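Here's the structure we're looking at; comments come further down.
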Number of protein chains: 2
Amino acid sequence: MSVKRAGQMPVWQQIAGELRQAISDGTMPPGARLPTESELTERFQVARNTARQALTALVAEGLIIAARPRGYFVRDRRPINYRPQQEFMPQPRYLETDRFIAQHSAEGREARQTIEVSIVDPPEMVKDRLRLEAGELTVVRKRVRYLDGEPFNTNDSYFPLDLVQGTEIMRPDDIARGANEVLAENDYRQVRALDEFYVRMPTPEETRRLALAPGTPVAYHVVTGFTSEGRPVRTVLNVLPGDRHVIAFERTRPAQADS
Amino acid sequence: MSVKRAGQMPVWQQIAGELRQAISDGTMPPGARLPTESELTERFQVARNTARQALTALVAEGLIIAARPRGYFVRDRRPINYRPQQEFMPQPRYLETDRFIAQHSAEGREARQTIEVSIVDPPEMVKDRLRLEAGELTVVRKRVRYLDGEPFNTNDSYFPLDLVQGTEIMRPDDIARGANEVLAENDYRQVRALDEFYVRMPTPEETRRLALAPGTPVAYHVVTGFTSEGRPVRTVLNVLPGDRHVIAFERTRPAQADS
DNA sequence: GAGTGGTCTAGACCACGTA
DNA sequence: ACGTGGTCTAGACCACTCG
């Protein structure tokens, strides 16, 4: 290992490059411990801050994690499948818990969620999608889902207040058959949904709420559900950490005359 | 503006917090110039490196950009709609999609793409999805798409070599009616597709190829197309910079007998 | 207690685009 | 030519966790 002062590439990038290479070619597999800052300082004959700059860059890329005082470690990535379409698909009748729990307890991981319900003036993004007038309020069910005790993703579901007034949607409990079914029972069955995905870095608030490691981007998943009359009755804001999810869709060509 | 040494929060985070606040509340709108490092050093009475650490963090969050030597500027975000379903629905009825998202699309923007075709031993990810034996080769069409002269996203389409041997898929030209139609003409019409989205930070290679600003995550979109016999005939690896795309799906509840 | 990374300082010189 | 951010040095002290 050596670095060149005269090169076009800054020293810290050369160091980062060597480490990145060792990670991607398997020399340092997930979970492996990286050299300490002191060791890099010594090995490359640079100031500690220069070695640090290389490591900091890899942290920002999401490749490694700083676990003080044990050192830096190669990150692992074990995403689970996230299938938005599932909520419209027929489900086994014996399922008595909500979608998330059903999907993951089966895999031997302990699923849990917290629920907070409140009545709020919704964010602009929700207002647009639910076509609310200024001042119209919504009921929001804010959930944080945990897997094996670790926060996993968040799900904030907004409903126009007048649609869900007095229903069990307003109670901060699990709804075994799903909030969508409750809406359907109240004559607001959703037949169409629009999914939008925004990819960005998390806000500090999201970083805290989901205990995100530095260098973890999120998918911001916005779902809006419509009745057969085309009325939006539900908007959901999901925050999906990139290191924990792979988003999957399946589509089929609509029936048509063969060519 | 003031920072406290005694607080639990590091000084650089306090500075970053104040700047972040000014950005999110509109005091510094997109395009606005931030204080220089010297100005922050003076205003908060800290070393230049401390002010720098705050700015570097905001760069890594994708909130600001360093445009040397003009200064730091608040980033803008003007994503366009990305609709994977479109390829199966030439004239889709996107009743809801276009309602919300400002369309900077094709209108007035110059679209262009480069195409490279080669025969390669595909990456593992492609091998898995096309169910290839070791050593089986693929044809790959690598495209970089530009909008207004700026690289926008990349699209690498892999086909089993024996399926497309001698077809126009192997020529590095635009295929007006689409590669899928060419496959269909050769008895490999795709009727089903699987979309997978991985959210992560870009590799240095992707950063270069797409001229990504620091702090820009990407969606890695993997599409696999199947014939009616269930044979995979095409796998596409798309890299979609998060600051330039919003991914949109629309779904309808399948017709079903109520149980 | 030892070793880790986290924070912070106070300098230096450089590369680069704009004026 | 000037001012900007980019790189790099050589220190210092701290907080935390592990053995």
Side-chain angles (χ1 to χ4, degrees), chain A residues 2-19 28 31-75 204 207 211 213-215, chain B residues 2-19 28 31-75 204 207 211 213-215:
Chain A
S2 70
V3 292
K4 295 186 177 63
R5 251 73 183 182
Q8 312 128 340
M9 190 166 289
V11 173
W12 71 264
Q13 281 189 28
Q14 298 179 45
I15 298 174
E18 299 222 12
L19 295 173
M28 294 195 297
R33 184 172 185 275
L34 277 79
T36 66
E37 295 179 353
S38 306
E39 286 166 356
L40 292 175
T41 298
E42 174 64 22
R43 182 191 304 176
F44 292 104
Q45 292 295 301
V46 295
R48 179 183 163 215
N49 275 344
T50 302
R52 243 183 100 69
Q53 193 168 3
L55 292 163
T56 302
L58 296 182
V59 168
E61 285 175 35
L63 282 181
I64 67 175
I65 199 167
R68 191 179 51 165
R70 295 184 296 116
Y72 291 91
F73 293 84
V74 180
R75 273 181 78 172
T207 300
Chain B
S2 70
V3 291
K4 296 187 177 61
R5 251 75 181 178
Q8 310 135 337
M9 189 166 290
V11 173
W12 70 265
Q13 281 190 27
Q14 299 179 44
I15 298 174
E18 299 223 12
L19 296 173
M28 294 195 298
R33 185 173 184 275
L34 276 80
T36 66
E37 295 179 352
S38 305
E39 286 166 355
L40 290 175
T41 298
E42 173 64 23
R43 182 190 305 174
F44 293 104
Q45 292 295 302
V46 295
R48 180 186 162 214
N49 275 345
T50 303
R52 245 184 98 69
Q53 194 167 3
L55 292 163
T56 302
L58 297 182
V59 168
E61 285 175 35
L63 281 182
I64 67 175
I65 198 167
R68 190 180 52 164
R70 294 186 294 118
Y72 291 91
F73 294 84
V74 180
R75 273 182 78 172
T207 299

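Just so we're on the same page: letters track the sequence lines, and every chain starts at 1. In this text, all values refer to a predicted model and were calculated from it rather than measured experimentally.
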Tell me: CD1 of A:Ile64 to P of C:dT4, nearest whole Å?
15 Å
In whole angstrom, give the distance that lies between atom CD of A:Glu39 and atom P of C:dT4.
7 Å
Under-4.0 Å side-chain N/O to phosphate OP1/OP2 contact, B:Arg52 with D:dG6:
yes
What's the separation between atom CG in A:Leu58 and atom CZ in A:Arg75, rounded to the nearest 0.5 Å?
12.0 Å
Between D:dC8 (P) and A:Gln14 (CD): distance, integer Å
8 Å
Please confirm whether any donor atom in the side chain of A:Arg48 sits under 3.5 Å from an acceptor in the base of C:dG6, or the reverse.
yes
Calculate the interatomic distance between A:Gln45 atom CD and D:dC8 atom P; express it in whole Å.
15 Å
Measure from the side chain of A:Asn49, starting at C-beta and using heavy atoms only, and say which of D:dG11, C:dT18, C:dG11 lies closest.
D:dG11
Does the side chain of A:Val46 reach to within under 4.5 Å of the side chain of A:Ile15, using non-hydrogen atoms?
yes
Starting at atom CD of A:Glu37, determine the distance to atom P of D:dA10, rounded to an integer number of angstrom.
16 Å
Closer than 4.0 Å, any side-chain N/O of A:Thr50 to the OP1 or OP2 of D:dT7?
no
Looking at CZ of B:Phe44 and CD of B:Glu18, how far apart are the two atoms once the value is rounded to the nearest 0.5 Å?
4.5 Å
At less than 4.0 Å, is any side-chain N or O atom of B:Tyr72 found next to OP1 or OP2 of D:dG3? Yes or no.
no
Is there side-chain contact between A:Leu34 and A:Leu40, with at least one heavy-atom pair below 4.5 Å?
no
When you measure from the side chain of B:Pro69, which nucleotide among D:dA10, C:dG17, D:dC16 comes out closest?
C:dG17
Go nucleotide by nucleotide along DNA chain D from the 5' end; which of B:Leu34 and A:Arg70 gets its closest nucleotide reached first?
B:Leu34
Rounded to whole Å, please give me the gap between CZ in A:Arg68 and C1' in C:dG5.
6 Å
Whole-Å distance, B:Leu40 CG to C:dC8 P, equals 14 Å
Specify the separation, in whole Å, of atom CD of A:Gln53 and atom C1' of D:dT9.
12 Å
Heavy atoms, side chains only, cut-off 4.5 Å: are B:Leu63 and B:Val74 in contact?
no
